[in-house]
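Read the structure below first, then the notes.
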Protein chains: 2
Amino acid sequence: MTIYDVAKECGVSIATVSRVLNGSGRVSSKTKEKVLAVMKKQNYQPNPFARGLGLDSMKMIGVICTDVSDAFYAKAVSLIEEYSRQIDWNVLLTCTGHGKEEKYKFVEFLLNKHIDALIIIGTPFVHKKDLYHFEKLGSRIPIIMINSYMELPNVYGIICDEAAAVQDAVDKLQQQGCNSIAYFYDSLTYSGRQKLTGYRAGIKKYHLNAKCELEYKVEKSFEQMNTLIKKLLAEKVFFDALVTSEDILAIAAQKILLQENRTMPIIGCNNSILAQCSTPALSSIDNRLDILCKAAIEVLTKLMNNETVPTKMLFTANLVERESFQAK
Amino acid sequence: MTIYDVAKECGVSIATVSRVLNGSGRVSSKTKEKVLAVMKKQNYQPNPFARGLGLDSMKMIGVICTDVSDAFYAKAVSLIEEYSRQIDWNVLLTCTGHGKEEKYKFVEFLLNKHIDALIIIGTPFVHKKDLYHFEKLGSRIPIIMINSYMELPNVYGIICDEAAAVQDAVDKLQQQGCNSIAYFYDSLTYSGRQKLTGYRAGIKKYHLNAKCELEYKVEKSFEQMNTLIKKLLAEKVFFDALVTSEDILAIAAQKILLQENRTMPIIGCNNSILAQCSTPALSSIDNRLDILCKAAIEVLTKLMNNETVPTKMLFTANLVERESFQAK
DNA sequence: CTGAAAGCGCTAACAG
DNA sequence: CTGTTAGCGCTTTCAG
């Protein structure tokens, strides 16, 4: 079933059919109805490749992140897919994994399909080289970065102000009497750097000369964090509260501390499903993926309509307080 | 940069360029090298839409599930994307959500992009009507169902034998002395029915006349399960072990029981990240998504090469025993 | 082994 | 308002 078949059955030209298909150009309502009727009856679906060839677009948006099996990215992809679908755009997904190879090849994999826009979740790209690639890419299609940013033409950052949130959390803990707040983080992505900055700012605010000597970098894994915490306890390192860049780190710590019968306020990040499942329920900084992703699609929509949009949008995070916050 | 530009620069016809592009037809190694060199130099990428139009394929596979933000589906999508990419296929993702609407429209959303195959994870489709749709669809492209199945032409099921696994778990618990094993499940998807069957078989095996009176259906949510467990405890319903169709149900139960200072063996399903984060660490039935997804892509690959593949493949699940198994 | 040319199905001037 | 026609960039006969 092609546009020719429809045209023939309607007794009109393919141009007319194309017009009603695209709502472009005036068509008498009478012929329009006839065409629509035939289309419906024959369940006609225009060939997307032919259409793509003509319009140079198949209404597909590329989404890239390091790993969808991670709860955070999964949530983001889920939201992006949903909002995209609502405006009739398909999502082409690619994950880079955590490997060290040239990450840009993953973008090219998507680009080979002539996507209309690229959404990058988090910070899969860290090499200087990537910057150059994105600069070139930006001249073709818009690039939206969720919780990350590069200052380049046609690149738009949708960011959650995690620095402020972490600082705020540290503030609250200090007001509660904690004065040895440890911070555990797994990576220095854009978001990771923000959080670390927030932590340091929070500490500094109270102890003007304090060094941030309770910062620990650890792999994002339950086991690794377990090991680290055990080690610190063995070494009698003192801390009376704990903030982590990821819920899973917080939870690993919680578990050990529970075993040792020590309790203290613990705050995670991402407000993932893990937070509510943990014992005690984990307080967590919610970086508002729902809002970020919705904003991303809105930006995209506006760009397609040639409307102006801010190159960077900052949203406030939200500390969700649960049992682990008051823990003494 | 089109095929014409490459042809011109090489001093050959576009047909020749096309031939080296596709490895179709004999081309003298000399011209072949020249063409390849120019392609590389110009970083020529064939237009996917034009190619799609000619070949009626853009090497895209549709993946559909109810909700990628769910850890189980996220893992599956992640694996499928990875394996697909390795054979140079892109993944077009769509989620149906849990709504009650006509689910087939989500498939059509994918179909409108002329995907080459469809992978369905789990059981997003339950209506009789869908069967008819898939029958028709099967005549166009292969349909792979992961942990689900419909007996239709060109539909292939890749399934984990969760019935056996749950039955086995119940067996073990009974051997351990438990005789009031409760089962909590959230849905009667294909996989859900299998697990329930397994539970019943396990119970029957020991108590020939036993009715399965400790079966509870509950929404897949931490809160709902919490409520249910509290209610059962309040009603003094007796059970001395617990199996659930989803890790999160097990974890919700664990948490309440821990608060009440009651411990008993608990076994979940899916072996998600939640399992290891829980206290005590949750034993869980691993349904081998890695193997299922790899098999799915292998089936697809073979189908593309017109090789014969089984319409249904069954893999053995794997009980991962952790602290919660021995809990007394 | 290579080139000419006819599609693939649709869009968008352009002409009426 | 509608039809004719020339692309879009690539694949694939069919000749040579």
Side-chain angles (χ1 to χ4, degrees), chain A residues 1-40 42-60 88 90 111-116 140-141 304, chain B residues 1-40 42-60 88 90 111-116 140-141 304:
Chain A
M1 172 72 19
T2 76
I3 201 173
Y4 289 93
D5 302 316
V6 176
K8 189 179 293 174
E9 184 162 345
C10 293
V12 299
S13 75
I14 61 164
T16 301
V17 178
S18 176
R19 282 191 194 97
V20 341
L21 205 54
N22 297 288
S24 61
R26 320 251 97 244
V27 181
S28 84
S29 59
K30 206 162 117 192
T31 54
K32 184 171 180 176
E33 300 210 340
K34 188 175 9 165
V35 172
L36 286 174
V38 171
M39 279 180 177
K40 181 159 206 173
Q42 302 285 1
N43 187 30
Y44 165 70
Q45 299 295 139
N47 180 307
F49 305 146
R51 213 160 189 211
L53 193 55
L55 296 172
D56 198 34
S57 158
M58 252 177 73
K59 299 229 255 183
M60 298 193 303
D88 204 34
N90 283 86
L111 252 36
N112 283 345
K113 252 66 183 187
H114 257 67
I115 49 174
D116 299 281
R140 285 223 303 107
I141 59 174
M304 301 299 168
Chain B
M1 172 70 23
T2 75
I3 201 172
Y4 288 93
D5 302 316
V6 176
K8 189 179 291 173
E9 185 163 344
C10 294
V12 298
S13 75
I14 60 164
T16 301
V17 177
S18 176
R19 282 191 193 98
V20 343
L21 205 54
N22 297 287
S24 60
R26 318 253 96 245
V27 181
S28 82
S29 60
K30 204 163 120 191
T31 52
K32 186 171 179 177
E33 298 208 343
K34 187 174 16 170
V35 172
L36 286 174
V38 171
M39 280 179 174
K40 181 157 206 174
Q42 301 286 1
N43 188 28
Y44 164 69
Q45 300 294 140
N47 182 308
F49 305 147
R51 211 154 191 219
L53 194 55
L55 297 173
D56 197 34
S57 160
M58 252 178 73
K59 300 229 255 182
M60 298 193 301
D88 204 34
N90 282 85
L111 253 35
N112 283 345
K113 252 66 182 185
H114 257 60
I115 49 173
D116 298 281
R140 285 220 306 104
I141 59 175
M304 301 300 169

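These numbers come from the heavy atoms of this one structure, side chains and all, not from hydrogens, waters or symmetry mates. Throughout, protein chains are lettered first and strands after them, A, B, ... in sequence-line order, and every chain is numbered starting at 1.
Counting heavy atoms from C-beta on, the side chains of Asp88(B) and Lys59(B) come closer than 4.5 Å. Here the side chains of Val6(A) and Thr2(A) are not in contact, with every heavy-atom distance at 4.5 Å or above. A heavy-atom distance below 4.5 Å is not found between the side chains of His114(B) and Met58(B). With a 4.5 Å cut-off on side-chain heavy atoms, Thr31(B) and Val20(B) do not count as touching.
If you check distances only, the side chain of Tyr4(B) never reaches the base of dC8(D) with a donor-acceptor pair under 3.5 Å.
Of the side-chain N and O atoms in Asn22(A), one or more sit less than 4.0 angstrom from OP1 or OP2 of dT11(C). Taking side-chain N and O atoms only, Thr2(A) has no distance below 4.0 Å to OP1 or OP2 of dG9(C). Taking side-chain N and O atoms only, Tyr44(B) has a distance below 4.0 Å to OP1 or OP2 of dC10(D).
Across all strands shown, Asp56(A) has no heavy atoms under 4.0 Å from either base or sugar-phosphate atoms. Contact annotation for Val17(A): no contact, since no heavy-atom pair falls under 4.0 Å across all strands.
Each of Arg51(B) and Ala50(A) lies near DNA chain D, and the nucleotide nearest Ala50(A) is the one positioned closer to the 5' end.
Side-chain atoms of Arg51(B) and Asn112(A) include no donor-acceptor pair closer than 3.5 Å.
Within residues 27-35 of chain A, the residues that place at least one heavy atom under 4.0 Å from DNA chain D are, in residue-number order, Val27(A), Ser28(A), Thr31(A).
Taking the side chain of Arg19(B) as heavy atoms from C-beta on, and the options dT5(D), dA4(C), dG3(D), the nearest nucleotide is dA4(C). Among the nucleotides dA12(C), dG3(C), dC1(C), the one closest to the side chain of Thr16(B) is dG3(C). Here the side chain of Ser18(B) is nearest to one of dG3(C), dT11(C), dT11(D), namely dT11(D). Checking dT11(C), dG9(D), dG3(C) against the side-chain heavy atoms of Val12(B) singles out dG3(C) as nearest.
Between the side chain of Asn90(B) and the main chain of Met60(B), no donor-acceptor pair closer than 3.5 Å is present.
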